[in-house]
Peer 1: 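One structure coming up, written as structure tokens, with questions to follow.
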2 protein chains.
Amino acid sequence: MQLNTIRRELYPSVMVDIAIFSVDESGLRVLLVHRANEPQKGLWALPGGFLKPDVDATLEAAARRVLIEKIGVDTPHLEEVCTFSGKDRDPRGWSISVLFFALLPRDQVQAVVKAKVDAVEWVDARNHGLAMAFDHSDHLNRAIDVLKRKVARHALPLHLMPTNFTMTALQRACEAILGLSLDKSVFRRRLKADIEKQPPEIPDLVEVAGATETGHQRPAQLYKAREGFVFLE
Amino acid sequence: MQLNTIRRELYPSVMVDIAIFSVDESGLRVLLVHRANEPQKGLWALPGGFLKPDVDATLEAAARRVLIEKIGVDTPHLEEVCTFSGKDRDPRGWSISVLFFALLPRDQVQAVVKAKVDAVEWVDARNHGLAMAFDHSDHLNRAIDVLKRKVARHALPLHLMPTNFTMTALQRACEAILGLSLDKSVFRRRLKADIEKQPPEIPDLVEVAGATETGHQRPAQLYKAREGFVFLE
DNA sequence: AGAATAGTGTCTGTCAGACAGTATCGC
DNA sequence: GCGATACTGTCTGACAGACACTATTCT
């Protein structure tokens, strides 16, 4: 087969970067990778990689592949945020980065860390204090912003939750994303309204019949995401 | 200088496409280009072109350049919608298209048509009945959707308006974008609230002192966009 | 009983929808 | 006056914020 070659300068590098979010007791967390190689060696970056047109069906598929290869997880939700482009954002030359965000249920966070212990860290998404590579600081801010806007518009980030969860746990997740505390009564009123939606409206939330979370206090009703739920406002 | 060549298959084509919207008496309009050459000759497409890394500072700059070169307008507002990518969306091979939308004031619509009379047409954005090239039908739908969402969230599409305009004209523009009719009283109440915002809040709308539009009925107060207005919810 | 968390009830202010009413122009 | 469009007033219901209250568990 004849090799079809082109001038390098006429084609930009194309990469995908992913902000994977999770929520734990200390708030909204994002996964950063410590760069072991040049360029930007020693700085922290969002996980990412180059598009491989011979392997990837689409840019989103590339993002999914990168997550599996580098981090060892397949996330339930993956969504495009925006692109970053230009001559100077990467020292290697004109490049395009397509940014995605992903949501990982908190009960899968440990699996990630175990897979690639050394180079990967879950950090506070808003206040990590690490020096970030390229324009990834902007990337992260944009990703947080998109996620926040969706939750503010009453989209429920159920992909962050384990299979069964309490209303309080869900409220904590929303609070972590929004960066403020919500009124319990108001929050529950909204969820109740969702659950009691009449067809053709479909509720996102389903009561897990009879199941309760038992702790050191009054047990709480458990809920789960509707079958086929997607995180679209 | 030595030519640095690479294998063509490892780099996708990168192009930008732009949905330019305007509003006239018959509703929301978008500019389509009749394709004179293969591929997809004879079909209608959104204006677009290949990224030129040696010329364009960013993808957005590329979109702006394409608009100026092909359509002869520099639009006040240009915003990224999303990307489309894959092996099959363009018969020439693996490609990425970054979609933008632009807003053109209605008093500049004629200028466009004059510049490139033959190959360009303003059509009803939702109901044009034309056969579209590539996946540009999806592009258009996504662009309309993003625009609509912004207006539904109370962003004012002032970039669509001429310098001075009446509240009714602005209401017609919003109605065209949303595809439904709004209550006059409700609409004006919202705008009044905007105009009377107290610092540090800044109103988007400014009353043009003394100026009225004189027609065959009661004259209407004229308004203009705030200096430095940008279309961000 | 007391601590802790689950879950409810209710008041209030804000705002959107609906729609009727008044004002001011040309003819 | 009449048609037409500009502009205002007001009633209503939905809903968010605030906050106090009750309920059920464990120790």
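Computed over heavy atoms, backbone and side chain alike; hydrogens, waters and symmetry mates excluded. We name chains A, B, ... by the order of the sequence lines, and we start the count at 1 in each one.
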Peer 1: Where does the chain A footprint on DNA chain C start and end, counting 5' to 3' with a 4.0 Å heavy-atom cut-off?
Peer 2: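 Both ends considered, the range comes out as dA4(C) to dT10(C).
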Peer 1: Verify whether one side chain among Ser185(A) and Arg188(A) offers a donor that lies under 3.5 Å from an acceptor in the other.
Peer 2: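 Per modelled atom types, Ser185(A) and Arg188(A) side chains form no pair under 3.5 Å.
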Peer 1: Whether Asp138(A) and Arg142(A) form a salt bridge (side-chain N of Lys/Arg under 4.0 Å from carboxylate O of Asp/Glu) is what I want to check.
Peer 2: no
Peer 1: Taking all atoms of both residues into account, what is the closest heavy-atom pair of Asp124(B) and Ser26(B), and its distance?
Peer 2: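 Here Asp124(B) and Ser26(B) meet closest at OD2-O, 4.2 Å.
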Peer 1: Would you kindly check if the NZ (Lys) or CZ (Arg) of Lys224(A) is within the cone defined by 45 degrees around the ring axis of Phe165(A) and under 6.0 Å from the six-membered ring centre?
Peer 2: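 So Lys224(A) doesn't make the cation-pi contact.
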Peer 1: Could you report the tightest heavy-atom contact between Ile195(B) and Met167(B), atom names first, then the distance?
Peer 2: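 Scanning both residues, the minimum pair turns out to be CD1-CE, 4.2 Å.
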Peer 1: Of Leu78(A), Ile71(A), Val109(A), which is the lone residue that meets side chain to side chain contact (heavy atoms under 4.5 Å, CB included) with Ile20(A)?
Peer 2: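 Exactly one candidate clears the test, Ile71(A).
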Peer 1: Indicate yes or no: does Glu79(B) engage Lys150(B) in a salt bridge with an N to O separation below 4.0 Å.
Peer 2: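 Between Lys150(B) and Glu79(B) there is a salt bridge, with a charged N closer than 4.0 Å to a carboxylate O.
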Peer 1: Side-chain N or O of Ser185(B) versus OP1/OP2 of dT8(D): is the shortest distance under 4.0 Å?
Peer 2: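 No, no such contact exists.
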Peer 1: Return the value, rounded to whole Å, for the distance between atom CG of Asp183(B) and atom P of dT10(D).
Peer 2: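 Atom-to-atom, Asp183(B) to dT10(D), this comes out as 16 Å.
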Peer 1: Could you state the atom-to-atom distance from NZ of Lys192(B) to P of dA6(D) in whole Å?
Peer 2: 13 Å
Peer 1: Could you list by number each residue of residues 144-156 of chain A showing a heavy-atom separation from DNA chain D of less than 4.0 Å, or answer none if no residue does?
Peer 2: His154(A)
Peer 1: Hey, are the side chains of Cys174(A) and Pro157(A) touching, using non-hydrogen atoms and a 4.5 Å cut-off?
Peer 2: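 In contact.
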Peer 1: For Asp194(A) and dA16(D), give me the distance from atom CG to atom P, rounded to whole Å.
Peer 2: 12 Å
Peer 1: Would you kindly give the NZ-to-P distance between Lys197(A) and dA14(D), to the nearest whole Å?
Peer 2: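 My rounded result for the distance is 17 Å.
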Peer 1: Using whole Å, what does the distance between atom C1' of nucleotide dT5(D) and atom CD of Gln171(B) come to?
Peer 2: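 Between C1' of dT5(D) and CD of Gln171(B): 12 Å.
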Peer 1: Do Thr83(A) and Glu80(B) get their side chains close enough for a donor-acceptor pair, meaning under 3.5 Å?
Peer 2: yes
Peer 1: List every contact pair, protein side and nucleotides 21-25 of chain D side both N or O, where the distance is under 3.5 Å.
Peer 2:
unit_1, atom_1, unit_2, atom_2, d
dA23(D), N3, Arg218(A), NH1, 2.8
dT24(D), O4', Arg218(A), NE, 3.4

Peer 1: Looking at Phe134(A) versus His139(A), is the centre-to-centre ring distance below 6.0 Å?
Peer 2: no
Peer 1: Rounded to the nearest angstrom, tell me the gap between atom CZ in Arg188(A) and atom P in dC19(D).
Peer 2: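 It is 19 Å, rounded to the nearest whole Å.
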Peer 1: Between the side chains of Arg106(B) and Glu25(B), is the shortest nitrogen-to-carboxylate-oxygen separation below 4.0 Å, so that they form an ion pair?
Peer 2: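 Yes.
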Peer 1: To the nearest Å, how far apart are Leu191(B) CG and dT8(D) C1'?
Peer 2: 15 Å
Peer 1: With heavy atoms under 4.0 Å as the rule, sort Thr166(A) into base, sugar-phosphate or nothing.
Peer 2: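 Nothing, no heavy atom under 4.0 Å.
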Peer 1: Where each residue is assigned the nucleotide of DNA chain D containing its nearest heavy atom, which of Arg189(B) and Arg190(A) is assigned the position nearer the 5′ end?
Peer 2: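 Taking each residue's closest nucleotide, the earlier one in sequence belongs to Arg189(B).
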